[in-house]
Amino acid sequence: MPTPPVVTSRRALIGGAGSLGAAGVVGAAAGPAPAAYKPRRYRGKPLLGAADRHVVNRFSYGNTPALTRQVRRAGGGRRWFEKQLQPGRIKDGRTDALAAWWPSLTRSPQDLWNRQVQEVEGGWQVMADYQRWILLRRVTTNRPVWELMAEFWMNHFNVPVHHDATFTHRFDFDRVVRRYALTSFEELLRHAVTHPAMGIFLDAAVSTKEHPNENLGRELLELHTVGYGQYDEADVKDSARILTGYLVDMWHTWEARYSPQDHWTGAVSVLGFTHANKSADGRAVADAFLAHLARHPATARRIARKLCVAFVRDEPSQALVDHLADVYLRNDTAIKPVLRALVASSEFKKSGGLKVRDPSAEIVATYRALRVKISDPPAGDNGFAARVILWQAEAIGAVPFDWPRPDGPPADNAAWSSPARLLASMDTHWAMSGGWWPSEGIRYRAPRAWLPRKRLRYDLLVDHLSQQLLGRRSSARLLQACVEVCPDEWKVRPSTKITMEHPLMKWGFHRVIATILDSPDHFTR
């Protein structure tokens, strides 16, 4: 059975391999477009230059015309980024109001548990709503740098939303990580590691002096700070002993408390940190221990490398990692100076388009590009877009904070670059470009709203749509794909005049929108 022309042209756009390139560039194998497809330039609103667009692509969930205007008003990408480092000064009322859509998120741990036991509402349902809240925040936020850093740190201090019983404290864990996401790693480490959600996940919530549990003590060293190979088993044991006493009343009230009578006392030594640890209240010892780990050179290098992989490229140079680690240590683990140094680096400036969006980020970018309006979902109505968005991300391959292991989800391109993921994304683009699914609780822009004039050439329309959806000019390859995606009987060529009476606008406009969303510039950042 022959492949339909629409699929052929869309695959041609992204390259013959039919997958996201391992190097992070989609369609690198595609050859040049024929000379007949020479893009023309539609004179629309001013766009961002390449350097400014790169900053925005890396530190937002997808450019839009509104975001472009914000960046231009700020004086460019770097100045916009600097303003973003002060999220408390940025109004974001629409995003703040989203929490009211999911009232169970703010219930007490015991109330959440009672509702599950009484079969009123399962913890898994509350966590699914939490994931939806996260996705919608990313769609609407005016503070994307803060949102991205909250995501980065919650992946670093991974507490899976669907692990047994973590739902009782997981939303508060979000609030705590978000509060310290742009402060210092020392503060963030202290509050994240001693949080009851972390304790429940890694068994510190039941760790006592009689039976110290080593799970959190080990992951604190291996994943949260210095990294594998930097410690031995004696370090793990003392790390676990230091953290005893942070308990949760599991399966009863779910109250989190510090219990001095359950804290292990006695001399401890971990990676150069030593303490007599004589007091039954070991919180001061734990704080000092975590401060020591936060300032350890191995921790500095590990955090620097993770930031580089997330925001620069999969294989950052050792020079950049060392530079950021030095900035981190010189600034007493403060996060903002490290981010400034990262953005100022020449390696960052040369890395445009080298990172693939993961499935959740790509779903969010699609909603943002299409500029859809989403409504508060009625209770029990699972067809509304505010609920469907989670299933869309799941269909492509990943949802927020659902990685089951303590190490958090991968941030490299290869993890999200399979042909299956690519085709699933293309299916989503097709369904949303036509307004077919989701169809409830969502308002799509009509084809007329995308047509800037009553009559214009097709190549100018493609360039206009590229500016609107991708924030950049069209290419010869994109123009070719947008021509070939149209049925032969429409006789669409670059010079064809398009009006609202043309078959393209009457019946097939979704073909063009979907093709542009299938392009490399939408899949990468």
Side-chain angles (χ1 to χ4, degrees), residues 96 98-137 150-151 153-181 187-208 211 213 215-217 219-220 224 243-263 281-283 286 290 379 387 390 399-406 408:
D96 293 339
L98 289 172
W101 292 16
W102 321 105
S104 286
L105 295 183
T106 54
R107 295 185 188 275
S108 70
Q110 185 169 18
D111 190 15
L112 289 171
W113 179 251
N114 289 341
R115 288 169 66 84
Q116 169 159 291
V117 171
Q118 296 163 8
E119 299 184 353
V120 175
E121 182 180 37
W124 67 271
Q125 293 172 296
V126 177
M127 288 297 93
D129 285 346
Y130 165 69
Q131 292 172 304
R132 293 172 175 122
W133 175 74
I134 287 290
L135 290 169
L136 294 180
R137 283 185 64 91
E151 177 187 3
W153 294 122
M154 274 187 274
N155 286 335
H156 181 74
F157 297 104
N158 187 42
V159 175
V161 294
H162 293 305
H163 184 271
D164 279 353
T166 55
F167 74 89
T168 55
H169 287 272
R170 185 57 180 77
F171 183 66
D172 185 69
F173 182 74
D174 179 289
R175 290 192 289 196
V176 168
V177 172
R178 197 176 295 277
R179 185 180 307 142
Y180 297 102
E187 280 193 295
L188 182 60
L189 179 68
R190 183 171 71 251
H191 288 90
V193 168
T194 60
H195 194 277
M198 182 70 75
I200 292 170
F201 175 45
L202 293 179
D203 302 310
V206 294
S207 183
T208 65
H211 303 287
N213 189 291
N215 281 1
L216 179 56
E219 305 302 3
L220 168 62
H224 302 155
L243 296 175
T244 52
Y246 293 92
L247 303 184
V248 176
D249 186 19
M250 301 278 287
W251 318 114
H252 298 291
T253 66
W254 298 95
E255 177 188 2
R257 70 189 192 283
Y258 189 82
S259 175
Q261 63 267 30
D262 288 298
H263 173 63
D281 189 335
R283 284 176 286 189
L290 294 171
R387 291 196 172 93
L390 179 62
V399 292
F401 312 134
D402 199 30
W403 190 257
R405 302 188 320 228

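For the atom pair Leu105 CG and Met127 CE, the distance stands at 6.5 Å (nearest 0.5 Å). Separating the NE2 atom in His195 from the CG atom in Asp172 is a distance of 3.5 Å, to the nearest 0.5 Å. To the nearest 0.5 Å, the span separating OG on Ser108 from CZ on Arg115 amounts to 10.5 Å. Atom NE2 in His211 sits 14.0 Å away from atom CG in Asp203 (nearest 0.5 Å). Between Thr244 atom OG1 and Asn213 atom CG the span is 11.0 Å, to the nearest 0.5 Å. Here the straight-line distance linking atom CG of Leu136 with atom CH2 of Trp101 works out to 6.0 Å at 0.5 Å rounding.
Between the side chain of Arg132 and the backbone N or O of Leu390, no donor-acceptor pair lies under 3.5 Å. One N or O on the side chain of Trp153 and one on the backbone of Ala181 form a donor-acceptor pair closer than 3.5 Å. Of the possible polar contacts, one joining the Asn158 side chain to the Trp403 backbone as a donor-acceptor pair under 3.5 Å is found. Judged by distance alone, with hydrogens and angles left aside, the side-chain atoms of Gln131 form a donor-acceptor pair with the main-chain N or O of Pro400 at under 3.5 Å.
Taking Glu151 as the reference, Arg138 meet the salt bridge (charged side-chain N to carboxylate O under 4.0 Å, His left out) condition, with sequence neighbours excluded. Partners of Arg137 under the salt bridge (charged side-chain N to carboxylate O under 4.0 Å, His left out) rule, at least two apart in sequence or in another chain, are Glu147. With sequence neighbours excluded, the residues that form a side chain to side chain contact (heavy atoms under 4.5 Å, CB included) with Thr166 are Val159, His163, Ile200, Phe201.
Between Trp113 and Trp254, the ring-plane angle classifies as tilted under the 30° and 60° cut-offs. In this pair, His156 and His224 present their aromatic rings tilted. The plane angle is within the 30 to 60° band. Using bins of under 30°, 30° to 60° and over 60° for the plane-to-plane angle, the ring pair His263/Tyr258 lands in the tilted bin.
Surrounding CD of Glu119 are at most 12 heavy atoms belonging to other residues, nucleotides or ligands under 6.0 Å away.
Shortest non-hydrogen contact noted between Ala128 and His162 is N-CE1, 4.2 Å. Of all heavy-atom pairs spanning Ile134 and Asp174, the tightest one is CD1-OD2, 3.5 Å. Between Ser207 and Leu247, the shortest heavy-atom distance links the atoms O-CD2, 3.5 Å. Taking each heavy atom of His169 and Ala256 in turn, the nearest pair found is CE1-CB, 4.3 Å. In terms of heavy-atom proximity, Ala150 sits nearest to Arg178 at CB-NH1, 3.9 Å.
Under the 4.5 Å side-chain criterion, counting only non-hydrogen atoms from C-beta, Leu220 is in contact with Leu290. Side-chain atoms of Leu202 and Pro406, non-hydrogen and from C-beta on, do get closer than 4.5 Å to each other.
Checked options Tyr180, Phe157, Tyr246, Phe173; the residue passing with His191 is Tyr180 (criterion: ring pair (Phe, Tyr, Trp, His ring centres under 6.0 Å)).
Looking only at atom types and distance, the side chain of Tyr130 has a donor-acceptor partner in the side chain of Arg170 under 3.5 Å away.
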